[in-house]
Structure formats: C-alpha cells, structure tokens
Amino acid sequence: MLQSFSFLSKYWVLFLTGVKVTIELAVISIILGLILGIIVALMKRSQIKLVSVIAKMYIGFIRDTPLLVQIYIVYIGLPMVLGINIPDFMTGVISLTLYSAAYIAEIIRSGIESLPQGQTEAALSLGMSKSRVMTDIILPQAFKNILPALGNQLIGNIKDSSLVSVLGISDLMFSAQTVRGSTALGLQPMIIASLLYLLMTWILNVGLSFIERKLKVNDRVA
C-alpha cells in the first residue's frame, strides 16, 4: 500500500506549489472580498432604494448561481467587456472575491443589525456624523461578533478555490490532477490533496479559536 504513494518523492514540490497558490488565492480574495463586502453591506442598508436594490440583486445572483458558472462568466465575459486579456490567476482572484463578498456582505449586515440601535442614536445625539458612527463605533463591535463567520468564509474560500483549477491555475487541485495524469493513479493523489486541504483548514480553525479566546478575555478585562 505504501509503495503506491512512492510518487510523492517525485511530485511533492508540485503539491507544495499547489498549497502555496491555494493559500494565495484564498487570502487575497478574502481581503478584497471583505472590502467589497463592507461596501455591499452598507449599500444594502442604504435608504436610497436604487442603491439597496442593486446590492440585493448582486447578493441574490451570487448566492443563487453556482460558483463554477460565475468563474466562466468572469473568465469569458470580463475580457470582452474590458477589451484586455486577464491572467488566469487574476481571473480566479476576481471570481472568488465577487463570490465571497456577497456572503461577507450578509455576515456584516447581520453583525451590524445585532447591535442595539440605541448606540447609534446616542452617538448621533452627541453630534457624530453617520459615517463616523459606522467606522468608529458600529463596525469595530460588529467585527468581534462576526469573526467566527468570517473565519468560516475563509475556510470556504480555501475549499472553493479548487474550482478555479478549471482555468489551469496551478492550485492544489490542479496539482493533484496533474499527478493523476502523469502517474495513472486515480485515488492516491486525491488522498494527498484532501489531507493537505484538511491540514490547512485545521490550522485555520486552531488560529481562529485562539483569536476568539483572546477577544473574550479582553472583553472580560474591559
């Protein structure tokens, strides 16, 4: 049985490269998705109906269509609209960013709405502007509440990044498929890929649990 994993001595670098690209895709897309998600969440809460409707339509489209379809739309449609060639890695980042931003927007919106309305009213009565109330009071508190959900979204991005392998991006799934093609082994490369995905998500879970415990301790001290 162990002999069937002897391919690792030849292809371990390929798997490590896949892990590196997968982490890059997940981290970049979650950072950009967080920025876009905040904007979309505020748009959805806007009192300007057109702005709110646009945000709702965007979230609805992303949530109700498969990620693979969205990847192809970005891959084929964006170069047609912009008239430029977009590198495959950038296409993957854009697809995952647009996808995660819709879910992050809903996470942030629920975090904001979970806070007592009285805080906003009290801050406004003290003469603070709406934008300052949001950036200085509401969002910092909301982020503490939504941190576990954001962590789950990051883990989701790591797993969802496997779909961008259809673009030829050398992520972990693409590496596993390349090894399958080169060795004619059907199962073993996928077992290695799944173990590496499991390792990445386990490390993230441990890190997020540590941060959550630290935040709870700080809250008790405060």
Side-chain angles (χ1 to χ4, degrees), residues 25-87 89-161 163-164 167 215:
L25 279 168
V27 171
I28 295 173
S29 63
I30 202 72
I31 292 172
L32 297 178
L34 181 59
I35 296 170
L36 182 59
I38 293 173
I39 295 171
V40 175
L42 295 178
M43 285 176 64
K44 188 173 180 181
R45 288 173 50 83
S46 173
Q47 294 180 350
I48 303 173
K49 193 166 184 178
L50 178 61
V51 174
S52 179
V53 167
I54 291 173
K56 288 176 182 175
M57 289 173 63
Y58 166 70
I59 293 171
F61 176 79
I62 295 295
R63 292 177 68 175
D64 296 339
T65 56
L67 175 57
L68 189 56
V69 172
Q70 297 163 22
I71 290 172
Y72 278 121
I73 289 175
V74 173
Y75 179 65
I76 300 169
L78 210 53
M80 291 174 65
V81 173
L82 299 179
I84 57 173
N85 288 324
I86 300 175
F89 182 84
M90 189 58 65
T91 301
V93 168
I94 293 171
S95 302
L96 289 173
T97 296
L98 294 174
Y99 179 75
S100 59
Y103 288 91
I104 291 174
E106 287 296 82
I107 293 170
I108 292 173
R109 183 189 59 77
S110 64
I112 291 173
E113 292 179 354
S114 68
L115 298 174
Q117 183 64 25
Q119 290 190 16
T120 301
E121 294 170 355
L124 290 174
S125 68
L126 292 173
M128 294 179 72
S129 64
K130 285 185 178 179
S131 59
R132 196 174 163 201
V133 171
M134 186 59 68
T135 55
D136 291 359
I137 297 176
I138 302 301
L139 284 179
Q141 293 185 79
F143 271 107
K144 282 187 180 180
N145 295 337
I146 65 176
L147 186 61
L150 284 178
N152 288 335
Q153 186 61 44
L154 176 57
I155 290 171
N157 273 31
I158 286 179
K159 294 186 289 185
D160 293 336
S161 67
L163 289 175
V164 302
L167 303 176
L215 288 174

Stepwise side chain to side chain contact (heavy atoms under 4.5 Å, CB included) test for L167 and F89: CA-CA 8 Å; L167 303 176; F89 182 84; over 6 Å; no

Nearest 0.5 Å, what's the [atom1]-[atom2] distance between [X] and [Y]?
| X | Y | atom1 | atom2 | result |
| --- | --- | --- | --- | --- |
| I76 | I71 | CD1 | CD1 | 11.5 Å |
| N152 | L147 | CG | CG | 9.5 Å |
| I31 | I35 | CD1 | CD1 | 7.5 Å |
| I108 | Y103 | CD1 | OH | 15.0 Å |
| T120 | L115 | OG1 | CG | 7.5 Å |
| D136 | Q141 | CG | CD | 11.0 Å |

Distance-minimising heavy-atom pair for [X] and [Y]:
| X | Y | result |
| --- | --- | --- |
| S114 | N145 | OG-ND2, 3.7 Å |
| T97 | S29 | OG1-CA, 3.4 Å |
| R109 | A41 | N-CB, 4.2 Å |
| A26 | I158 | CB-CG1, 3.5 Å |
| A123 | V133 | CB-CG2, 3.6 Å |
| S100 | G33 | OG-CA, 3.9 Å |

Stepwise side chain to side chain contact (heavy atoms under 4.5 Å, CB included) test for K44 and V51: CA-CA 7 Å; K44 188 173 180 181; V51 174; over 6 Å; no

Check whether any side-chain heavy atom of [X] sits under 4.5 Å from a side-chain heavy atom of [Y], and report yes or no.
| X | Y | answer |
| --- | --- | --- |
| E106 | V40 | no |
| S161 | L96 | yes |
| L150 | L34 | yes |
| K130 | M134 | no |
| I86 | L82 | yes |
| I112 | L139 | yes |
| I146 | I104 | no |

T65 vs Y99, side chain to side chain contact (heavy atoms under 4.5 Å, CB included): CA-CA, chis, key distance, verdict: CA-CA 10 Å; T65 56; Y99 179 75; over 6 Å; no

Output yes when a side-chain donor or acceptor of [X] lies under 3.5 Å from a complementary backbone atom of [Y], and no otherwise.
| X | Y | result |
| --- | --- | --- |
| S52 | K49 | no |
| Y58 | L98 | yes |
| Q153 | A149 | no |

Atom CD1 of I48 with >12 non-hydrogen neighbours under 6.0 angstrom: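 Incorrect, the count does not exceed 12.
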
Within 6.0 Å of OH in Y75, more than 12 heavy atoms from elsewhere: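 No, not enclosed.
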
Worked verdict on Q70 versus S95 for side chain to side chain contact (heavy atoms under 4.5 Å, CB included): CA-CA 7 Å; Q70 297 163 22; S95 302; 5.8 Å; no

Candidate list I107, I38, I138, test side chain to side chain contact (heavy atoms under 4.5 Å, CB included), partner F143, passing option: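 When side chain to side chain contact (heavy atoms under 4.5 Å, CB included) is applied between F143 and each of I107, I38, I138, only I38 qualifies.
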
